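See below for the structure under consideration.
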Number of protein chains: 4
Amino acid sequence: MRHEKVDVIFQAAVQVFAESGFDQAKMDDIAQAAGVAKGTIYYHFKSKEELFVGLMNEGMKRLIDCARRSIAVHDSPAEQLKALLHAHVHFFIQNEKLAKLVLNEAFGTKERQQQFRAKIREYLNLIQEILQKGMETGEFQLEHPQETASAVFGAASVVVLQKIYSLEQYGTQASVEAKIPAMIDSLQRVFFSGLTNHKT
Amino acid sequence: MRHEKVDVIFQAAVQVFAESGFDQAKMDDIAQAAGVAKGTIYYHFKSKEELFVGLMNEGMKRLIDCARRSIAVHDSPAEQLKALLHAHVHFFIQNEKLAKLVLNEAFGTKERQQQFRAKIREYLNLIQEILQKGMETGEFQLEHPQETASAVFGAASVVVLQKIYSLEQYGTQASVEAKIPAMIDSLQRVFFSGLTNHKT
Amino acid sequence: MRHEKVDVIFQAAVQVFAESGFDQAKMDDIAQAAGVAKGTIYYHFKSKEELFVGLMNEGMKRLIDCARRSIAVHDSPAEQLKALLHAHVHFFIQNEKLAKLVLNEAFGTKERQQQFRAKIREYLNLIQEILQKGMETGEFQLEHPQETASAVFGAASVVVLQKIYSLEQYGTQASVEAKIPAMIDSLQRVFFSGLTNHKT
Amino acid sequence: MRHEKVDVIFQAAVQVFAESGFDQAKMDDIAQAAGVAKGTIYYHFKSKEELFVGLMNEGMKRLIDCARRSIAVHDSPAEQLKALLHAHVHFFIQNEKLAKLVLNEAFGTKERQQQFRAKIREYLNLIQEILQKGMETGEFQLEHPQETASAVFGAASVVVLQKIYSLEQYGTQASVEAKIPAMIDSLQRVFFSGLTNHKT
DNA sequence: CATGAATGAGGCTTCATTCAT
DNA sequence: AATGAATGAAGCCTCATTCAT
């Protein structure tokens with residue numbers, strides 16, 4: 001079992017990194033949030049960078065595991081994609097801080113950001129595999145699985161984040177949870193039926 | 001010319017901000033890239049923050065104008081959405097630096113980031129209007145135009161950015177331009193037909 | 001006749017120097033207050049330092065002239081000291097900004113401050129001469145004219161300044177002018193009768 | 001010892017602030033004078049301003065305590081005023097740096113300077129109380145205790161400071177200490193007997 | 001004479017990291 | 001294992017001064 005303090009620090013670090021971004025996040029704040037001395041962080045992590053990378057690896061691993069589990073219980077690619085969208089939305093909402101990190105800290109040129117994107121690519125591959133299997137079985141009609149996987153990931157992520165920030169801004173007490181059905185519905189409609197009216 | 005230096009600084013700032021992110025970007029680097037003294041930047045902009053905000057306002061304004069123009073030449077919402085996706089992809093590729101800023105610097109809690117999102121919301125509203133008009137004309141089948149607008153924006157943005165970083169990483173000389181058709185095609189397929197095979 | 005702009009700049013500079021102190025005073029502020037461009041100041045004065053020195057010379061010259069004039073109309077040293085106290089209080093109130101400069105900017109180790117004190121010493125000498133003449137005529141009873149001159153200057157200056165700042169702080173509309181009699185009376189009583197009750 | 005460094009920094013700061021004034025004083029110089037790294041100062045004090053305020057609070061507290069002690073051993077207001085003048089001169093000479101700060105940095109409009117004057121007012125109140133008690137007992141003849149308190153403070157402070165700078169300027173090795181009797185005598189004569197010859 | 005855009009040296013402050021306890 | 005005082009490199013910003021117009 002990992003050392004108890006490591007977890008405490010992890011918890012605190014996600015909070016602080018998500019609130020302030022990597023650069024603005026201060027080791028002091030993380031230490032205070034974790035209730036440990038600053039030195040203690042350096043006893044367990046070589047540097048701020050390493051702490052961040054550890055954090056993000058852990059988080060992305062959990063996202064990918066979560067996605068895998070939700071996929072595993074279905075056979076058809078269509079059902080799997082549906083389940084993945086469902087899982088993605090729920091995970092991003094239950095792990096709001098991590099979700100913010102994904103959009104905030106994954107698209108730069110720094111080493112840690114490239115590592116972040118490497119993890120994201122793992123996740124994208126997962127999506128891509130579903131799409132490709134669907135192409136093979138004839139369930140899906142598409143020609144560019146890689147680009148489409150990005151579209152799925154981008155759409156699902158931005159829908160949730162945009163909603164979170166939207167509610168935060170208006171200071172409404174309305175919980176994001178109440179909006180889950182609308183978000184999932186929108187995403188599933190888009191990716192399954194498209195927007196145009198096929199009945200005509 | 002009155003604002004000769006201001007433009008030079010703007011150009012340099014986009015480069016540096018996009019390469020390093022707001023926090024890592026050094027005013028020294030921007031000055032050097034612009035070929036002016038550091039003080040000159042402060043003669044024209046009150047602070048790093050203001051320079052950034054001016055930059056992103058200008059950039060988002062251009063994106064929104066570009067989108068508006070591409071929409072204006074079409075009547076049906078379906079054609080307009082198609083044109084918007086097309087314009088978005090082209091704009092993000094031609095303004096790669098700004099595109100990176102959107103995903104890097106727009107989703108935090110800082111004041112400047114909220115201003116950034118306010119501008120993005122303007123753009124989202126543009127998309128949402130198209131969707132709503134389509135709902136009224138019966139061309140579009142959807143229930144949550146706001147969420148769906150986020151999905152459109154997220155999908156289109158991430159598809160392009162992911163492609164850009166992907167090519168950068170492998171150091172291939174393959175130009176992003178060559179991938180434009182695949183990206184646009186993927187997006188249009190998703191949002192128009194959806195992924196599932198309706199022929200069945 | 002001196003150039004018109006020089007006076008305008010002088011006026012503005014006293015204000016700004018008095019409000020902010022030499023170091024915090026910005027040439028920009030002086031220029032704006034004077035309604036001229038910054039370059040114009042440098043056309044007339046070699047540097048901030050020189051502007052300050054010119055200013056203070058001019059101001060101290062006026063104080064000394066004012067004191068001399070008030071002394072000239074009296075013959076006895078006692079009457080002269082009385083007149084000088086009177087003149088000092090009035091001058092400090094009518095030239096509040098200069099008065100502030102005296103206490104703010106005259107007691108440091110910088111070159112300009114030593115020049116300032118040299119001017120003040122001129123003024124102190126004037127006081128000292130009165131005291132010495134009084135010693136000779138037997139009107140005054142004192143042994144250390146130099147130290148006593150400092151006491152006169154210090155008492156008179158601080159009484160006025162302390163009053164000015166006192167009224168400023170409480171934001172009262174009460175004019176300093178209304179307090180002139182009390183201030184002059186206090187000073188004259190101290191230096192003429194002392195505080196102890198001689199009637200006993 | 002817990003606050004070892006804080007004291008060292010305090011000592012160094014008084015020196016540097018007194019020599020250069022608040023604005024010209026460089027944190028680098030204070031750090032060097034204290035023999036600590038610049039960061040160490042900021043570990044203990046939030047800013048240059050706070051360091052200064054802490055310093056002057058401490059200094060004025062010591063001056064006021066010193067005055068109180070010298071007063072406490074006497075009963076009659078006259079004896080008390082005499083003792084206070086004596087104590088003031090000695091304190092200003094033994095704490096020359098602080099004395100310079102009083103005249104250099106207490107009479108501006110900045111927040112820190114107003115705090116400084118608030119402390120000075122505490123001291124002035126002490127003087128004023130003596131004067132008022134003397135008025136009640138009939139020992140003192142005066143009508144404006146507040147203005148007179150300013151006169152006492154101003155006279156005593158300027159007498160000492162003027163002497164210090166005077167000796168510094170002529171580079172004489174003559175110690176200020178040798179002039180103490182002359183200064184105290186002048187002040188006591190002024191405030192007790194006044195300057196005019198009452199024998200006539 | 002007057003202007004004001006441009007400069008760049010210099011200062012305050014921050015904060016990741018270290019290390020003696 | 002844990003602490004937190006100390007460090008110093010690095011960055012943002014200010015502003016007196018210059019100079020081409």
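We name chains A, B, ... by the order of the sequence lines, and we start the count at 1 in each one. Predicted, not measured: the structure shown is a model, and the values here were computed from it.
Salt-bridge check for B/E111 with B/R117: failed, with every basic side-chain N at 4.0 Å or more from each acidic carboxylate O. Looking at C/E58 and C/R62, no side-chain N of the basic residue comes within less than 4.0 Å of a carboxylate O on the acidic one, giving no salt bridge. Ion pairing between a basic and an acidic side chain is recognised when a charged N comes within 4.0 Å of a carboxylate O; B/R112 and B/E105 show such pairing.
Phosphate contact (OP1/OP2 of F/dA2, side-chain N/O of A/Y43, threshold under 4.0 Å): absent.
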Worksheet item: What's the verdict on side-chain contact (heavy atoms from CB on, under 4.5 Å) for B/L63 and B/M60, showing C-alpha distance, side-chain angles and the deciding distance?
Response: CA-CA 5 Å; B/L63 169 59; B/M60 286 305 294; 4.0 Å; yes
Fill in: Watson-Crick and G-U pairing of DNA chain E written in dot-bracket, each distance under 3.5 angstrom, with | for inter-strand partners
.||||||||||||||||||||
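Atom C1' of nucleotide E/dG4 and atom NE2 of B/H44 are separated by 10 Å, given to the nearest angstrom. A/E50 has its CD atom 15 Å from the P atom of E/dA16, to the nearest Å. Spacing between atom CD of B/E4 and atom C1' of E/dG4 amounts to 15 Å, rounded to whole angstrom units. The nearest whole Å value for the distance from the CZ atom in A/F45 to the P atom in F/dA2 is 12 Å. We find that CG of D/D7 is positioned 12 Å from P of F/dA6, with the value rounded to whole Å. At whole-Å resolution of the value, CD1 in B/I41 and P in F/dC13 are 10 Å apart.
Of all nucleotides listed (E/dA2, F/dC12, E/dA6), E/dA2 comes nearest to the side chain of C/K5. Of all nucleotides listed (E/dT17, E/dC12, F/dT17), E/dC12 comes nearest to the side chain of D/K48.
Near DNA chain E, meaning a heavy atom under 4.0 Å from it, residues 15-39 of chain C has C/V36, C/A37, C/K38, C/G39 in order of number.
Ring geometry for C/Y165 versus D/F107: interplanar angle of 30 to 60°, hence tilted.
Not counting sequence neighbours, C/E49 has no partner by the salt bridge (charged side-chain N to carboxylate O under 4.0 Å, His left out) test. Take B/E122 and apply the salt bridge (charged side-chain N to carboxylate O under 4.0 Å, His left out) test, not counting sequence neighbours, and it matches B/K119.
Listed by first then second residue, pairs satisfying salt bridge (Lys or Arg N to Asp or Glu O under 4.0 Å) with a partner in residues 11-20 of chain B read B/E19-B/K97, not counting sequence neighbours. The side chain to side chain donor-acceptor pair (under 3.5 Å) contacts involving residues 30-48 of chain A comprise A/D28-A/K38, where partners must be two or more places apart or lie in separate chains.
Position along DNA chain E of the nearest nucleotide to A/Y42 versus D/S47 favours D/S47 as the more 5'-ward residue. With the nearest nucleotide of DNA chain E identified for both D/E49 and C/T40, C/T40 has the one nearer the 5' end.
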